[in-house]
Peer 1: 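The following block contains the structure, expressed as structure tokens.
Residue numbers start from 1 in every chain, and the chains themselves are labelled A, B, ... in the order their sequence lines are given, proteins ahead of strands. Nothing here was measured: the structure is a model prediction, and the numbers come from that model.
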Amino acid sequence: MPTSETQAALLREQCEREDLVMFVNACFAATGQTEYYSDQYSQSVSIDFLHQYVLVNYRLVYARALAAGVNHFNQMLIVRNLLRAGAPSDSVQRAEEGGLIAATLRQLPTHRVYKLFQRLATEGVNNRRTRAVIRNYCAARKNQTFEAVKYRNKFRRAVRHAHAEVDGETASFLFSLKAQKRFQEPLFDAYRRAHYSKQAVYELPYSVAEGLAARHGIPRDVFLRNIEPQMTQAEKLRVQNLTRRETKQAVQFDLARSPLTRLAIYVLSLPMEERTSRADELHAALKSAAARTQRKSPLELGKVAAVLDRSRSAWGSRERRRRPLAVAVATHYLLAAASDRYCSFWTPAREIGKTCYQADDKVFLVNASGQSDLATPLLDAIEWRPEQLTLVSDGYENAPVDAVNQIVHAYRQRLAPAHPISFLHANPVFDADHFSPRRLGAAILTIGLRDAEDLNASLRFAKFAAGEATRVELESYLGDIAREFLQDATDQETQP
Amino acid sequence: MTTTSTLPWNGLEMAPPQVLGGVRIVPLLRKTIREDLRLTRRVYTEDVAIVEVDRRTSYVSFVPHGLVANWTEDGGAVFGSQLSAAKETKDGTSFGNFITARGLRKMARREGKRQLRFLPLHVAMEGLLAKHFGGPDIAWSEYSRRVMRSGLSPRSEVAIPGNQIAGLEDALRLFEIHDQQVGVLLFVADTLASAFVVPHPGDYIQLHSTLLTDFYGELIWRNGFFATETTILPDPIAVDQISTLSDLRFEVDQLRKRWESLNEIMAPELLERPLEHQTVYRFKPFTLNRFVSNLDPKEENFIGETICTDDGTLQYLKTYRLSAAQTRRAYLLKQLAAAEWSLDRCAESLDCSTNQLILRLENAGFGYLLHQHVLDGVHASERRR
């Protein structure tokens, strides 16, 4: 029991700091989807509760978390909760929040933004601020025509909900399509014609064309062959396997251009024979994707070892297929690109005896299976004497339980003076029961990590997760990155 | 032929357990794996199975699957088409449209030169039900005419399928199977619910999910509701002993050893109890046995079945934990049989009055063995007292 005022204040400070660290950490990992160990419902209830709690108690920090590099799902959730709660009375805070919301929406993927607007409309959130946010967003879009076609229903709903101004032709496209005989805008006209002309279907974006093609009864293989020029990179990646099955020939696609973790998921989705036969090509693509990520947000590391989990639970869930394994594979390539000397150590797997991989080895030639024996690779990794050691695991260690914690603790106590190693555990899975990524133990620091690309942002936050900094430092750090974030956003706007 | 001995537990190692909710699963690993005996599953989709045990006796139960053993005599590997999955065999007949039944012959049935089909756990359960099934050898006047004519028939016990046990389904689904794993010890609320061992790791992967369709005792079902996640950890590694990396390695090995001994401590009944084994089927060089523990009502009792090689190594094991009531019933029958079914002599050996023994029999569900007027007489005299 606290006996004095100062002790009480100390306790409160600690409690508040832990709340905030837990929140930001959760926002790096949580996606509200089914995980291997918990279902979608408990995931979404857990993360929703955490958001509400932080919004009510620490509103300023809550808004600034938008700038901390948290994942898209949580950015969306934060924006939605802020808009629902209405604008704060303090004008400085209001302006900062407004700026953060606008900047976040600009860099979120478009479909997520329209989904968010739709959700706001469904929930009846229609305050002045929400309307202004939607209006400004729609008005600032550079290719509004394209988006009006691609996201027609959601776009219409947003425009109607926020009473946004659109020009006459867009308005008639959205609200009185059938009454219209012709559009000046070629894309609108293509959409109109595509309702009766098979040719016009191929002038539309892929996702819109797909439905109309089905209506015209165009065979799948013919459709896929002709729509190829209209596909985006992400769509091409997604339908690779489908097109190969349907048309016996994959769409032309530059593997190296897609984001690292996305690419790793694609690679792991291929059957093992194909992975083996295309190993060199896939390896090169993953390497160049890692190099690109490294250029975008450089990480400078010395001698690094990684302990990576490919146990059965890295299989993921039906919604997040192989995601934990993909994050581990992506982290392997990213750390290999970012460090001077690198080696990764994997948990034992059934098919393959090898557990130690150099930077140039192909780590994707394995499936998730077997127990989570992190102790063996950890000992091997320590023996290799790195400066930094990163573990990627979902935190469910079972062969035996708590071994990593004890090893790290013992190492710190007895062996660190001779050769210090900084240990870090990155967890791609949000644990609904504990409102945070599951920890491996008290001795080792855990940070959330959804995409390997976010490693840099997560690492910047690691100091606070370790509990070394005070709450004031944490808040000022968040304030700084929020300012940086806003500055970057305005720079981008003025540059075009 | 019956023999009494402990379970031959050589060649099996226990790995650290995986706990999910109230269910604790201890993986069993095998270093030297024999390739000459393989088990596969055969699914029966019918609602109920009727097994003809002998010409006058049939065994009726829900049987979701049987196991098929394939083996070689020369120690060579069983592979390819030698595995039963590749072979179409007619196994019994299916009856009915709305409620379906499968008629099967024998608990363990040879299906060719190198193939044996048996019904897992039912082999052991049938052994328990058939104990002293013939009824009294001497026509003591207390026993009803029906018992004198047809023995204990029909004798029944209730068991509960695994999917009714709270938390078991999730625990089995999320369990991470080891590379060398050939079996598990399954604990519910830290009580041993079942032990399951197969000859080959490949078979284990296929048969892991059958643990959910197997049956368990009523006690385990109850435990499932009250179980909470318990954390039991052995002593942590001794930090002070470490001065080099190899010390750290050694300490981690010690930690694993401590886990194994902790697991053994948790399952003493299985490893140390003398069991009464009975041979069910002999297929050279293997033997299918069933066993019963000594049925002492004060201890944990279980029944089960094993396949052992001639050199005494355990290849297959499946156990069923008896509930207290089931133990009591089997115990009373055993005592009665030992006293040549004389109620007076049995009461003497149990150190109670004959009336009390009769009431015990009735409470255990064996009232049907005795004449109604005997029961009524006991009730009346007990009321008068």
Peer 1: Using non-hydrogen atoms and a 4.5 Å limit, figure out which bit of I177(B) sits close to chain A: side chain, backbone, both or neither.
Peer 2: both
Peer 1: Which heavy-atom pair separates P236(B) from Q406(A) by the least distance, and what is that distance?
Peer 2: CA-OE1, 3.4 Å
Peer 1: Please determine whether the number of non-hydrogen atoms from other residues, nucleotides or ligands lying under 6.0 Å from atom OH of Y41(A) exceeds 12.
Peer 2: no
Peer 1: How long is the span from the OG atom in S369(A) to the NE2 atom in H178(B), to the nearest 0.5 Å?
Peer 2: 11.5 Å
Peer 1: With a 4.5 angstrom heavy-atom cut-off, which part of L415(A) approaches chain B: side chain, backbone, both or neither?
Peer 2: side chain
Peer 1: Specify the closest pair of heavy atoms between G370(A) and E176(B), including all atoms of both residues, with the distance to one decimal.
Peer 2: O-CB, 3.4 Å
Peer 1: So how far is it from Y37(A) OH to D170(B) CG, rounded to the nearest 0.5 Å?
Peer 2: 11.5 Å
Peer 1: Could you look at P234(B) and say if it's the side chain, the backbone, both or neither that has a heavy atom under 4.5 Å from chain A?
Peer 2: neither
Peer 1: Should we say atom CH2 of W259(B) is surrounded by more than 12 heavy atoms from elsewhere, each under 6.0 Å from it?
Peer 2: yes
Peer 1: Just so I understand: if I count every heavy-atom pair under 4.5 Å between each of D402(A), N405(A), D373(A) and chain B, which residue has the most?
Peer 2: D373(A)
Peer 1: Is it the side chain or the backbone of D380(A) that comes within 4.5 Å of chain B heavy atoms, both, or neither?
Peer 2: both
Peer 1: Taking NE2 in H434(A) as the centre, count heavy atoms belonging to other residues, nucleotides or ligands within less than 6.0 Å. Is the count above 12?
Peer 2: no
Peer 1: How far apart are the closest heavy atoms of I382(A) and L245(B), and which atoms are they?
Peer 2: CG2-CD2, 3.4 Å
Peer 1: Does atom CD of E169(B) have more than 12 heavy-atom neighbours, drawn from other residues, nucleotides or ligands, at distances under 6.0 Å?
Peer 2: no
Peer 1: In Å and rounded to the nearest 0.5 Å, what is the CD to CZ distance from E251(B) to R414(A)?
Peer 2: 11.0 Å
Peer 1: What pair of heavy atoms forms the shortest contact from Y36(A) to L174(B), and how long is it?
Peer 2: O-CD2, 3.0 Å
Peer 1: Measuring heavy-atom distances to chain A, does T244(B) have an atom under 4.5 Å in its side chain, in its backbone, in both, or in neither?
Peer 2: backbone
Peer 1: Do Q371(A) and D179(B) come close enough that some side-chain heavy atom pair is under 4.5 Å?
Peer 2: yes
Peer 1: Less than 4.5 Å apart, any side-chain heavy atom of R249(B) and any of T376(A)?
Peer 2: no
Peer 1: Mind checking whether N398(A) and F175(B) have side chains closer than 4.5 Å, heavy atoms only?
Peer 2: no
Peer 1: Answer with side chain, backbone, both or neither: which region of R385(A) has an atom nearer than 4.5 Å to a non-hydrogen atom of chain B?
Peer 2: side chain
Peer 1: So which heavy atom on A410(A) is nearest to which on I242(B), and how close?
Peer 2: CB-CD1, 3.7 Å
Peer 1: Between I205(B) and chain A, with a heavy-atom cut-off of 4.5 Å, which part of the residue counts as in contact: side chain, backbone, both or neither?
Peer 2: side chain
Peer 1: Among residues 319-330 of chain A, which ones touch chain B with a heavy-atom distance under 4.5 Å?
Peer 2: none
Peer 1: Taking CZ in R412(A) as the centre, count heavy atoms belonging to other residues, nucleotides or ligands within less than 6.0 Å. Is the count above 12?
Peer 2: yes
